[in-house]
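Note sheet for the following structure.
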Number of protein chains: 4
Amino acid sequence: MTVQNPALIDRACLIVHGPDQPGIVAALAALITRHNGNIVTLDQYSSDPVGGDFFQRVVFHRLDLIAAMGDIEADLAKTLEPFGMEWTLTDQSVPKRMAILASKSDHCLLDLLWRHRRGELPVTIPMVISNHTNTAEDVRTFGVPFFHVPSQAGPDKSESEAAILKLLEGNVDFVVLARYMQVFSGDFLEKVGVPVINIHHSFLPAFIGAGPYRKAKERGVKLIGATAHYVTEDLDEGPIIEQDVVRVTHVDTAEDLQRRGADVERAVLSRAVAWHAEDRVIRQGNHTIVF
Amino acid sequence: MTVQNPALIDRACLIVHGPDQPGIVAALAALITRHNGNIVTLDQYSSDPVGGDFFQRVVFHRLDLIAAMGDIEADLAKTLEPFGMEWTLTDQSVPKRMAILASKSDHCLLDLLWRHRRGELPVTIPMVISNHTNTAEDVRTFGVPFFHVPSQAGPDKSESEAAILKLLEGNVDFVVLARYMQVFSGDFLEKVGVPVINIHHSFLPAFIGAGPYRKAKERGVKLIGATAHYVTEDLDEGPIIEQDVVRVTHVDTAEDLQRRGADVERAVLSRAVAWHAEDRVIRQGNHTIVF
Amino acid sequence: MTVQNPALIDRACLIVHGPDQPGIVAALAALITRHNGNIVTLDQYSSDPVGGDFFQRVVFHRLDLIAAMGDIEADLAKTLEPFGMEWTLTDQSVPKRMAILASKSDHCLLDLLWRHRRGELPVTIPMVISNHTNTAEDVRTFGVPFFHVPSQAGPDKSESEAAILKLLEGNVDFVVLARYMQVFSGDFLEKVGVPVINIHHSFLPAFIGAGPYRKAKERGVKLIGATAHYVTEDLDEGPIIEQDVVRVTHVDTAEDLQRRGADVERAVLSRAVAWHAEDRVIRQGNHTIVF
Amino acid sequence: MTVQNPALIDRACLIVHGPDQPGIVAALAALITRHNGNIVTLDQYSSDPVGGDFFQRVVFHRLDLIAAMGDIEADLAKTLEPFGMEWTLTDQSVPKRMAILASKSDHCLLDLLWRHRRGELPVTIPMVISNHTNTAEDVRTFGVPFFHVPSQAGPDKSESEAAILKLLEGNVDFVVLARYMQVFSGDFLEKVGVPVINIHHSFLPAFIGAGPYRKAKERGVKLIGATAHYVTEDLDEGPIIEQDVVRVTHVDTAEDLQRRGADVERAVLSRAVAWHAEDRVIRQGNHTIVF
């Protein structure tokens with residue numbers, strides 16, 4: 001059973017990408033029309049009109065969408081196969097299930113919980129997992145289950161990762177690392193099987209790795225930033241979803257940078273999460289198309 | 001005879017707007033496909049999927065576009081008539097002809113001339129008209145004709161306006177007021193018959209009228225801005241194309257505001273001009289849709 | 001008894017302003033030196049070196065500050081009297097007492113409570129007062145007392161204002177209106193006797209009065225903003241402390257503007273509150289000097 | 001003989017930095033007072049009030065400054081010697097002499113020339129040197145001498161560097177590399193003997209080295225930037241004066257990034273140049289204090 005957003009009932013989101021070719025927009029629009037869909041918004045991008053890649057996001061309204069989904073999917077498969085294109089069709093009234101992983105810092109975690117309560121994020125939050133306990137009461141005040149999975153000392157993280165996997169398995173559609181300070185193994189990322197979004201506390205690719213605010217202070221930069229990206233095995237190298245910066249001066253200490261950076265982190269992460277939840281982000285190699 | 005941009009040969013830009021209805025995207029995409037066009041970019045917006053207004057901009061590639069324009073236009077007329085929609089089809093390789101009107105300040109004028117020389121603005125500049133002569137040599141260095149039309153003393157501007165109209169008539173597709181400090185009569189705006197873009201030196205609707213930097217200093221604002229808008233009979237009330245701001249402090253004098261504002265003015269105006277020249281701006285009542 | 005911030009023990013903040021004159025910086029620096037103070041930061045501004053106004057904020061360290069305060073104050077009175085200048089000397093280890101007034105919206109209120117808990121705001125929060133009850137539980141989770149004072153129907157607000165005054169009297173050093181949706185009478189502002197900071201949900205002076213997001217949508221602006229200002233009897237005309245904006249497009253509905261504006265509102269208000277709490281803001285007529 | 005700015009006659013700028021210690025502000029203010037100076041602006045910063053570094057910039061007015069300079073300098077030497085501090089005293093009415101080095105790109109070069117003509121930069125420009133000739137006519141239109149020093153093929157740049165040094169020697173107070181695309185040898189930097197400011201076309205330390213816009217496109221960043229810094233032997237590692245960024249999307253090609261980045265480059269460089277010319281920038285190791 002799924003929780004439904006009444007305002008989005010009968011709205012479908014279709015994502016299509018693959019090699020660009022003449023007639024693809026017309027073919028898709030005709031398909032939606034013959035299934036009695038009415039296009040609400042359409043975004044399209046071609047990396048190159050000749051020999052490039054084609055990306056499209058269409059939101060359309062269709063009465064009794066649920067009943068029609070099977071037919072539309074069958075038609076999409078038939079229509080897009082000759083074009084060699086990938087596609088996903090989602091019912092927008094079904095919110096994605098988002099798990100949040102956090103550590104001691106609460107700014108990103110609280111901002112996501114609060115935005116969710118305000119109705120700004122089209123997700124459900126089945127759980128928050130943390131390797132610390134300090135945020136448990138806050139999380140539960142929002143009516144969200146809190147699970148404590150302590151960090152495992154030493155380089156082998158297999159037990160704590162297994163405990164996290166067991167909690168996530170079958171329960172979530174994506175995972176958000178809201179300043180979660182543990183690095184996952186490649187094995188974990190393979191097994192988790194859903195997209196993982198991280199917020200990195202620097203303007204990547206500047207200051208890769210640990211201690212970016214300290215490094216920023218040492219280098220004497222005049223702006224600091226934050227980066228939300230999909231997690232891949234290559235640490236800090238995953239596809240970037242969103243970035244932003246804030247101005248600093250010589251007066252700011254490394255602690256000031258951390259405090260001011262926290263504001264950028266929560267803003268950037270919440271935008272990236274909303275866009276992902278609304279199927280606005282398409283991954284293409286190490287890049288993202290954000291519609 | 002028209003000057004052509006070789007990179008844009010065989011590219012058409014189609015703008016469509018009117019009452020939204022099911023099937024319009026599909027109908028337009030099918031039309032482009034049956035005229036052997038290949039969609040390069042497509043932007044679409046509906047103010048409301050039920051009973052709202054529909055706006056679309058499509059750029060498509062079509063070999064031998066010039067030969068096909070007549071057929072496509074006829075088809076568009078036939079296809080869009082039942083929908084009650086307005087449309088324009090332009091050949092993107094034909095740059096719009098832009099006249100610039102200026103006064104003593106040179107920052108907006110020089111920025112436009114320089115961007116044009118760099119190839120950033122898809123326009124030709126048949127003339128600069130000024131009520132002062134101080135920029136004549138600079139303008140001519142860019143290979144652009146300069147005409148001096150002095151301001152007319154007193155409230156009656158009919159002679160100077162007539163002189164300007166005579167220069168513009170038949171020679172331009174739009175007019176840019178690059179800090180031109182004379183207010184045109186309604187009669188002029190009616191006769192000029194092409195869009196007129198103005199840069200106002202405030203963050204409209206704040207500080208309407210004369211002396212916005214002085215007023216901003218008096219009010220003690222912490223940001224100042226600039227606004228590019230289409231000129232209508234209602235001074236400072238025309239549809240806004242673009243705006244931006246810059247941070248100021250108590251230290252800045254009214255003169256400092258003017259100097260720092262000049263940077264925002266030229267940036268905002270150049271963006272608005274480029275968007276207009278690329279047919280990215282659709283006027284709808286007192287609003288703009290910017291694709 | 002006052003709550004103390006140990007990191008700021010023995011730090012004094014001296015604010016001086018008045019008619020500029022030669023030697024005033026030297027006189028103040030000499031005074032601090034002869035009381036064994038060591039200057040940590042010094043900010044100075046003159047509106048005009050000849051016949052203008054002088055503003056200075058100095059933070060200095062002095063061992064056993066509390067014991068020395070009386071002597072320093074006596075010396076300041078003696079030294080500054082011939083110059084006709086106003087001054088305030090505060091012990092930075094004593095946080096200001098801040099009351100928050102709110103209505104139904106929680107975004108500004110929660111952001112202040114979060115930041116306070118993280119140690120970002122050098123204040124104590126003796127109470128939150130609201131004319132609604134929806135935020136009571138959230139507020140009390142932070143260990144802050146919550147008082148419900150319902151709005152009074154009709155134009156006469158004297159009873160509800162009296163109830164608020166009774167709660168505030170003697171208990172607070174300044175009041176923050178965190179999207180409090182009632183307008184105070186001039187009588188209230190006179191009686192409250194402490195600075196009152198408001199967050200207005202527009203980029204003042206644009207869209208003065210009620211419904212600024214609706215007005216912004218109607219005018220078709222490309223940026224929306226928020227303004228933190230001291231409250232005076234002239235609604236929306238008080239001295240501006242801080243402003244900021246965010247970019248919007250034709251796609252954003254009036255509801256989107258409200259949601260996106262909320263992020264600017266809480267950011268702008270939290271900066272203004274921090275600066276006020278740190279004695280960085282000096283009022284001069286309808287302006288502010290922010291050091 | 002020096003060119004004078006009448007508005008700044010009798011204004012001195014004193015920069016002092018060194019180990020922080022009690023009484024230094026008072027000692028300097030007293031010194032200025034006893035030489036009949038009146039402080040116009042004073043900025044002060046201590047990296048740490050205990051054992052840190054002290055930085056101060058004071059602008060003061062003193063009638064017949066030129067006649068008094070010798071006495072003030074002698075007093076400064078005597079006063080600051082016991083503190084072990086460095087200082088410079090400059091007559092603000094004497095503009096610094098700035099040489100500009102450029103290559104083919106004209107955006108930074110022209111922006112500096114325009115701003116100088118408008119009176120925004122308190123400098124004289126005795127020469128522009130380029131390894132290309134395409135900007136010669138533009139430069140001479142501004143009444144500025146243009147010298148062509150072709151690049152030397154191969155790794156040995158000693159002849160072209162010697163030619164440049166001969167032009168600069170004794171004629172300039174600082175050098176601006178306005179997108180000059182040659183890397184100077186350590187030997188050149190030692191011999192030139194004046195500060196050299198460079199504009200790097202990335203948000204350092206991201207995308208160090210050549211081709212930053214191509215690298216930015218490859219990494220898929222959502223913001224691009226520019227950095228003005230003092231040139232040191234370590235390429236792209238010198239003290240940063242100013243940085244800024246602009247938002248980009250997946251739609252922007254590497255060429256778009258270059259074009260949009262050019263706007264950031266010229267804005268950042270012009271701010272850095274103005275601040276350096278006004279003695280607002282103090283170098284401290286690999287950092288800058290910008291007052």
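So that the names make sense, note that chain A is the first sequence line, chain B the second, and so on, each numbered from 1. As the structure is a computational prediction, the values presented were derived from the model and not from experiment.
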Quick one: OG1 on A:T79 to CH2 on A:W87, what's the gap to the nearest 0.5 Å?
10.0 Å
Determine the option with the most heavy-atom pairs under 4.5 angstrom with chain D, choosing from A:R219, A:Q284, A:H287.
A:R219
How close do D:D173 and D:P195 get, counting heavy atoms only, and between which atoms?
O-CD, 3.5 Å
For chain A, which residues from residues 208-216 of chain D have at least one heavy atom closer than 4.5 Å to it?
none
For A:T288, which atoms come within 4.5 Å of any heavy atom of chain D: side chain, backbone, both, or neither?
both
For A:Q92 and A:T90, test the side chains for any donor-to-acceptor distance below 3.5 angstrom and give the result as yes or no.
no
Could you name the residues of residues 238-254 of chain D that have a heavy atom within less than 4.5 Å of a heavy atom in chain A?
D:G238, D:I240, D:I241, D:E242, D:Q243, D:D244, D:V245, D:R247, D:H250, D:V251
What's the spacing between D:L42 CG and D:I32 CD1 if we round to 0.5 Å?
7.5 Å
Taking side chain to side chain contact (heavy atoms under 4.5 Å, CB included) as the criterion, tell me which of D:V175, D:I197, D:V172, D:V176 meets it with D:M98.
D:V176
Less than 4.0 angstrom from a charged side-chain N to a carboxylate O is my criterion; do D:D279 and D:K96 meet it?
yes
Between D:F203, D:F207, D:F55, the one whose heavy-atom pairs under 4.5 Å with chain A are most numerous:
D:F203
Answer yes or no: is there a donor N or O on one side and an acceptor on the other, between the side chain of A:H201 and the main chain of A:Q258, under 3.5 Å?
no
Once you round to the nearest 0.5 Å, how far does CG of A:L269 lie from CG of A:L177?
9.0 Å
Backbone of A:H200 reached by a side-chain donor or acceptor of A:D236 within 3.5 Å:
no
Checking the side chain of A:T227 only, and the main-chain atoms of A:L204 only, is there a donor and an acceptor separated by less than 3.5 Å?
yes
In Å, rounded to the nearest 0.5 Å, how long is the span from CZ of D:R280 to OG1 of D:T41?
6.5 Å
Quick one: what part of A:E218 sits under 4.5 Å from any heavy atom of chain D, side chain, backbone, both or neither?
backbone
